[in-house]
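Below is one structure, written out as structure tokens; comments come after it.
We number each residue from 1, following the sequence as shown.
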Amino acid sequence: MVKLKTFIKNPEYFITSPASKGWLDWLPDDIYLKILYYIKMGKKLNLKNPIGYNEKLQWIKLYDRKPEYSRLVDKYEVRGFVEDKIGKEYLVDCFGVWEDTADIPISELPEKFVLKCTHDSGSVEICNDRKKFNFKTALERLSLAMKRDYYKTYREWPYKAVQPRIIAEQYLEADKNGDLQDYKVMCFSGEALFVEFHENRFINGKEHTQTFYDRDWNMLDLRQKGIGASLIKAPKPEHLDKILSLSEQLSKNICHTRIDWYISENKIYFGEITFFDGSGFYAFETEEMERYMGSLIKLPDKKTM
């Protein structure tokens with residue numbers, strides 16, 4: 001009964017659930033995305049002449065398929081890309097990478113660490129005190145995640161070639177308020193135009209907010225459905241210009257991507273590279289916002305790809 005209520009409340013599960021099991025592999029990517037887009041967004045997906053932001057992200061999934069993108073979404077392999085482009089000083093420490101949870105040397109991990117899968121989004125286990133950390137539950141969740149094929153559910157093509165592994169990384173300390181400063185830089189054709197600033201994302205009991213700022217740290221009237229924006233302007237980060245510059249170096253020659261950063265103990269750390277914000281199903285609050293953000297994405301010519 002609980003599962004039935006969940007499916008009724010979230011009708012997209014009627015397609016994403018069988019898709020995650022591989023039962024819809026026979027369905028071409030474009031048809032699959034048109035069906036899912038209609039269910040989640042409530043409108044038809046126009047691939048011939050995409051205008052809105054999320055429409056264009058679906059187009060990119062289908063037609064902008066450079067092999068190197070798979071390296072950039074792999075949470076382990078991307079480290080080499082970042083080191084080559086901007087230097088290893090922006091990378092969190094890596095304690096190891098394994099193909100099976102059974103291979104993780106638990107006793108050798110530090111007091112604080114983060115375990116996450118390299119091939120998907122969201123499979124993260126955070127340990128800030130190993131005496132209280134439930135290793136059994138965390139490893140069970142990661143084992144399940146290792147069996148997931150992220151490409152099947154949302155057809156994000158770069159993930160199709162990523163090898164499922166588990167990586168252990170440095171735990172980043174939060175600020176004095178218990179929050180880890182999270183900056184997501186939206187880049188268009190290699191130019192960093194906006195910052196999604198997330199507050200209270202890692203604090204239980206407080207409202208998680210996402211606020212858009214421009215390059216000069218002015219608050220913008222941009223909002224995505226489902227998450228509120230802060231009513232109070234946050235202090236301009238000391239490292240803003242550096243984060244913008246680094247993002248542009250990493251996003252060069254890519255029509256659109258999001259580069260994520262954390263600031264911990266006054267130091268900048270690279271988070272990840274994302275090609276499809278919300279997998280292209282995270283609508284802006286108004287059609288005007290959706291079209292404006294879409295207008296900033298200059299899609300490559302299919303003939304030159």
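Under the 6.0 Å cut-off for aromatic ring centres, Tyr171 and Phe113 do not qualify, their centroids lying 6.0 Å or more apart.
Using the six-membered ring where Trp is involved, Tyr154 and Phe281 have ring planes that are tilted, between 30° and 60° apart. Aromatic ring pairs are classed by plane angle as parallel below 30°, tilted from 30° to 60° and perpendicular above 60°; the pair Phe212 and Phe284 is tilted.
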Go through Glu169 and Arg79 one step at a time and tell me if the salt bridge (charged side-chain N to carboxylate O under 4.0 Å, His left out) criterion holds. CA-CA 12 Å; Glu169 292 183 335; Arg79 293 174 60 87; 3.6 Å; yes
Quick one: do Glu125 and Phe133 satisfy side-chain contact (heavy atoms from CB on, under 4.5 Å)? Show the steps, please. CA-CA 10 Å; Glu125 301 293 334; Phe133 188 65; 4.1 Å; yes
Can you check side-chain contact (heavy atoms from CB on, under 4.5 Å) on Leu250 and Phe270, steps first, answer last? CA-CA 11 Å; Leu250 294 178; Phe270 168 79; 4.0 Å; yes
Assess the residue pair Thr257 and Leu72 against the criterion (side-chain contact (heavy atoms from CB on, under 4.5 Å)); give the C-alpha distance rounded to whole Å, side-chain angles, the decisive distance to 0.1 Å, and a yes or no. CA-CA 11 Å; Thr257 191; Leu72 304 191; over 6 Å; no
Show your reasoning for whether side-chain contact (heavy atoms from CB on, under 4.5 Å) applies to Ile106 and Arg130. CA-CA 10 Å; Ile106 298 299; Arg130 64 179 298 135; 3.7 Å; yes
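Here Asp149 does not pair with Lys147 in a salt bridge; the nearest charged N to carboxylate O distance is not below 4.0 Å. A salt bridge links Arg65 with Asp29: the distance from a Lys NZ or Arg NE/NH1/NH2 to an Asp or Glu carboxylate oxygen falls below 4.0 Å.
Judged purely by distance below 3.5 Å, without hydrogens or angles, the side chains of Glu290 and Asn54 pair a donor atom with an acceptor atom. Between Gln163 and Glu77, the side chains place no donor N or O within less than 3.5 Å of an acceptor N or O (distance only, hydrogens not considered). The closest side-chain donor-acceptor pair between Glu196 and His198 falls under 3.5 angstrom. Counted by atom type alone, Glu156 and Ser279 present one or more donor-acceptor pairs between their side chains at under 3.5 Å.
In this structure, the side chains of Cys255 and Ile60 come closer than 4.5 Å at one or more pairs of heavy atoms. Contact of the Cys187 side chain with the Ile259 side chain is registered, since non-hydrogen atoms from C-beta on lie closer than 4.5 Å. Contact annotation: the side chain of His256 approaches that of Tyr53 to within less than 4.5 Å [non-hydrogen atoms, C-beta and beyond]. For the pair Cys117 and Arg148, the minimum side-chain heavy-atom distance is 4.5 Å or more.
Other residues, nucleotides and ligands contribute more than 12 heavy atoms inside 6.0 Å of the CZ atom of Arg215. The environment of CD in Glu288 is sparse: at most 12 heavy-atom neighbours from other residues, nucleotides or ligands sit within 6.0 Å. Remark: Tyr76 OH is loosely packed, at most 12 non-hydrogen atoms of other residues, nucleotides or ligands lying under 6.0 Å away.
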Report, one line per pair, each donor and acceptor closer than 3.5 Å where one atom sits in a side chain of residues 226-236; sequence neighbours left out.
residue: Ser230; atom: OG; partner: Ile232; partner atom: N; Å: 3.1
residue: Ser230; atom: OG; partner: Ile232; partner atom: O; Å: 2.9
residue: Lys233; atom: NZ; partner: Trp217; partner atom: O; Å: 3.1

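Separation of atoms OG1 (Thr101) and CG (Leu115) is listed at 10.0 Å; rounding is to 0.5 Å. The distance from atom CG of Asp182 to atom CZ of Phe197, rounded to the nearest 0.5 Å, is 8.0 Å.
Residues satisfying the side-chain hydrogen bond (donor to acceptor under 3.5 Å, both in side chains) test with Lys43, not counting sequence neighbours, are Glu287.
Side chain of Asp100 to main chain of Ala102: a donor-acceptor pair is present (N/O by atom type, distance under 3.5 Å, no hydrogens or angles).
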